[in-house]
Q: 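One structure, as structure tokens, below. Some questions next.
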Amino acid sequence: MKIRMVNNGVFTPVDELETTLAPPLEGFYWIDADVEDLAYLQPLFGLHDLAVEDCLSEEEQRPKIELHEGHYFIVINSIRFDDEEIFLRALNIFLGRHFIITVTKQKINELRSLKPILWEQEVSRPDRFLYHLVDIVVDNYFLVGDRIEVRIERLEEDILMHTKKSHLNEIIGLRSEILWLKKVLGPQRDVIATLNKKDLRLIDDQLQKYFSDIYENAVKITETFDTYRDLMANLREAYQSSLSNRANEIMRVFTALTTIFMPLTFITGIYGMNFVHLPGQNFYYGFYLLLGFMLMLGGGMLFLFRKKDWL
């Protein structure tokens with residue numbers, strides 16, 4: 001657990017947790033805690049039992065906002081895209097008048113990238129801290145969306161050039177991840193809408209207007225992932241179409257080869273009969289003439305098929 005007093009974007013470490021119970025003369029306290037630290041934080045700050053239970057739960061928490069006496073409990077999901085896989089990590093936030101507590105089970109990159117922004121914007125209030133944090137979390141969805149778009153384009157190009165059975169597994173896996181994200185984006189957008197529109201006494205009225213920009217971005221992200229979902233459906237159709245075209249191409253080649261060898265097989269079948277008198281049987285060059293005729297016949301049919309673009 002790390003405790004800092006933040007004033008005008010300047011961080012001052014605090015050693016004693018009890019110091020944070022009283023409001024500082026200027027600024028606010030930021031407590032960056034793990035879930036194990038809630039046992040100490042709950043009785044000191046009066047954190048609601050249900051909120052603490054949600055933080056400790058092993059089940060995946062949906063984004064939400066709960067209004068409790070003296071503090072708000074907010075859950076949003078940080079997103080990461082590592083090794084072609086999407087990860088969501090819950091970011092639990094307790095917002096008070098003179099403090100903000102962030103509780104995570106894993107490391108959240110947004111918390112580290114937030115520090116220079118707080119210093120640049122000279123942040124001295126916990127609600128402004130919350131605004132910048134939510135803004136960074138939402139912006140990262142755009143970055144992940146761009147990487148997903150690149151992956152879709154690359155997969156589409158691979159399917160059109162060289163269709164493989166493994167492409168179907170990639171399509172199904174990526175589509176499942178997009179649908180999974182869609183389930184999260186709706187509740188997270190609603191949380192931001194609450195921060196934007198609802199009368200919240202712990203958030204300054206002027207600051208609430210800035211949440212409208214974040215809400216617009218959240219709507220854009222939702223629409224973007226709707227587009228990705230449709231693209232995945234089109235990609236699956238392209239995969240099936242490519243397989244059908246490839247099968248048709250193979251069948252066309254086999255059909256052409258069968259057609260070429262059909263008259264040749266007919267000729268060899270006739271001359272394979274056990275008759276005494278066959279045309280050219282006693283001619284010295286009969287075998288070579290027949291072989292040449294068969295080569296000319298096969299070559300002529302091959303030329304005709306290629307000229308008509310059947311091969």
Side-chain angles (χ1 to χ4, degrees), residues 54-55 57-66 73-93 104-110 133-197 211-245:
D54 288 339
C55 294
S57 175
E58 294 296 331
E59 297 180 0
E60 183 177 308
Q61 296 296 317
R62 288 166 56 90
K64 62 181 178 180
I65 179 171
E66 297 176 354
F73 176 59
I74 303 167
V75 179
I76 57 176
N77 282 319
S78 167
I79 189 171
R80 292 185 62 183
F81 192 56
D82 295 334
D83 299 328
E84 302 300 323
E85 290 188 31
I86 300 173
F87 298 94
L88 290 180
R89 295 180 174 177
L91 177 56
N92 305 291
I93 305 169
T104 59
K105 294 181 180 179
Q106 301 96 1
K107 296 296 182 182
I108 303 294
N109 292 334
E110 287 83 347
L133 178 57
V134 175
D135 188 34
I136 292 177
V137 170
V138 172
D139 285 345
N140 279 344
Y141 277 83
F142 283 110
L143 300 177
V144 172
D146 292 339
R147 295 184 62 183
I148 291 177
E149 184 176 359
V150 171
R151 184 177 174 185
I152 292 175
E153 291 176 354
R154 187 181 70 238
L155 187 57
E156 181 181 14
E157 183 178 349
D158 290 343
I159 289 174
L160 294 177
M161 296 297 295
H162 305 286
T163 306
K164 301 177 182 177
K165 292 183 178 180
S166 59
H167 288 151
L168 181 59
N169 294 332
E170 292 185 49
I171 293 173
I172 294 175
L174 186 56
R175 183 175 183 272
S176 299
E177 291 182 342
I178 292 174
L179 293 177
W180 172 54
L181 278 176
K182 278 284 298 172
K183 295 180 181 179
V184 176
L185 289 174
Q188 187 147 292
R189 180 190 57 198
D190 296 339
V191 169
I192 299 172
T194 302
L195 295 172
N196 174 34
K197 297 180 180 180
F211 278 103
S212 62
D213 291 333
I214 303 179
Y215 176 73
E216 291 177 3
N217 289 336
V219 173
K220 290 179 182 178
I221 291 171
T222 304
E223 295 173 349
T224 299
F225 278 89
D226 283 336
T227 303
Y228 293 157
R229 180 191 58 189
D230 296 337
L231 287 176
M232 294 310 300
N234 295 337
L235 206 58
R236 185 164 185 173
E237 292 179 2
Y239 172 81
Q240 297 293 345
S241 176
S242 181
L243 283 182
S244 299
N245 292 337

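This one's a predicted model, so the numbers in the text were calculated from it and none came from an experiment.
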Q: If you draw a 6.0 Å radius around NZ in K220, do more than 12 non-hydrogen atoms from other residues or ligands fall strictly inside?
A: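 No, NZ of K220 has 12 or fewer neighbouring heavy atoms, counting only those of other groups under 6.0 Å.
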
Q: Which heavy-atom pair separates R80 from N109 by the least distance, and what is that distance?
A: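 Between these two residues, the closest heavy atoms are NE-ND2, 3.6 Å.
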
Q: side-chain contact (heavy atoms from CB on, under 4.5 Å) for I65 and D190? Distances and angles first, verdict last.
A: CA-CA 9 Å; I65 179 171; D190 296 339; over 6 Å; no

Q: I'd like to know if the side chain of R89 and the backbone of K105 have a donor-acceptor N/O pair within less than 3.5 Å.
A: no

Q: Just verifying a value: how many Å separate E66 CD and T194 OG1, rounded to the nearest 0.5 Å?
A: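 With rounding to 0.5 Å, CD (E66) is 12.0 Å from OG1 (T194).
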
Q: If you apply the rule side-chain contact (heavy atoms from CB on, under 4.5 Å), what do you find for I214 with L195, and how did you get there?
A: CA-CA 10 Å; I214 303 179; L195 295 172; over 6 Å; no

Q: I want to check something: taking the side chain as every heavy atom from C-beta on, are R175 and L179 in contact at a cut-off of under 4.5 Å?
A: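 Touching, per the 4.5 Å side-chain cut-off.
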
Q: What residue among I221, D213, L133 forms side chain to side chain contact (heavy atoms under 4.5 Å, CB included) with V138?
A: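 Among I221, D213, L133, the one meeting side chain to side chain contact (heavy atoms under 4.5 Å, CB included) with V138 is I221.
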
Q: Using a 6.0 Å cut-off, check whether atom CZ of R62 has over 12 heavy atoms from anything other than its own residue.
A: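 Open.
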
Q: Would you mind reporting whether Q188 and V75 have side-chain heavy atoms less than 4.5 Å apart?
A: no

Q: Out of curiosity, Y141 OH to N217 CG, how far, rounded to the nearest 0.5 Å?
A: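 Between Y141 OH and N217 CG, I get 13.0 Å after rounding to 0.5 Å.
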
Q: Please find the pair of heavy atoms, one from Y228 and one from I178, that lie closest to each other, and give the distance.
A: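 Looking at all heavy atoms of both residues, the shortest contact is CB-CD1, 3.7 Å.
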
Q: Quick one: pull up CE in M232 and CG in L155 and give me the separation to the nearest 0.5 Å.
A: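 If we round to the nearest 0.5 Å, M232:CE and L155:CG are 6.0 Å apart.
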
Q: Let me see the working for I148 and I86 under side-chain contact (heavy atoms from CB on, under 4.5 Å), right down to the final yes or no.
A: CA-CA 9 Å; I148 291 177; I86 300 173; 3.5 Å; yes

Q: Can you measure from CZ (F87) to CD (Q106) and round to the nearest 0.5 angstrom?
A: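 So the gap between those two atoms works out to 10.0 Å.
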
Q: If I compare all heavy atoms of F73 with all of C55, which pair ends up nearest, and what's the gap?
A: CE1-SG, 3.6 Å

Q: Set out, in order, the CA-CA distance, both residues' side-chain angles and the distance that settles side-chain contact (heavy atoms from CB on, under 4.5 Å) for R151 and R147, then state yes or no.
A: CA-CA 6 Å; R151 184 177 174 185; R147 295 184 62 183; over 6 Å; no

Q: Identify the two heavy atoms, one from V137 and one from N77, that lie closest to each other, and give their separation to 0.1 Å.
A: CG1-O, 3.4 Å

Q: Mind listing the closest non-hydrogen atom pair of A90 and T104 along with its distance?
A: O-CG2, 4.1 Å

Q: If you measure from CD1 on I79 to CG on N140, what distance do you get to the nearest 0.5 Å?
A: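 Rounded to the nearest 0.5 Å, the CD1-CG separation comes out at 8.5 Å.
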
Q: What closest approach, in Å, do Y215 and A193 show between heavy atoms, and which atom pair accounts for it?
A: CE1-CB, 3.4 Å

Q: Atom CG in D54, atom NZ in K64: separation rounded to 0.5 Å?
A: 3.0 Å

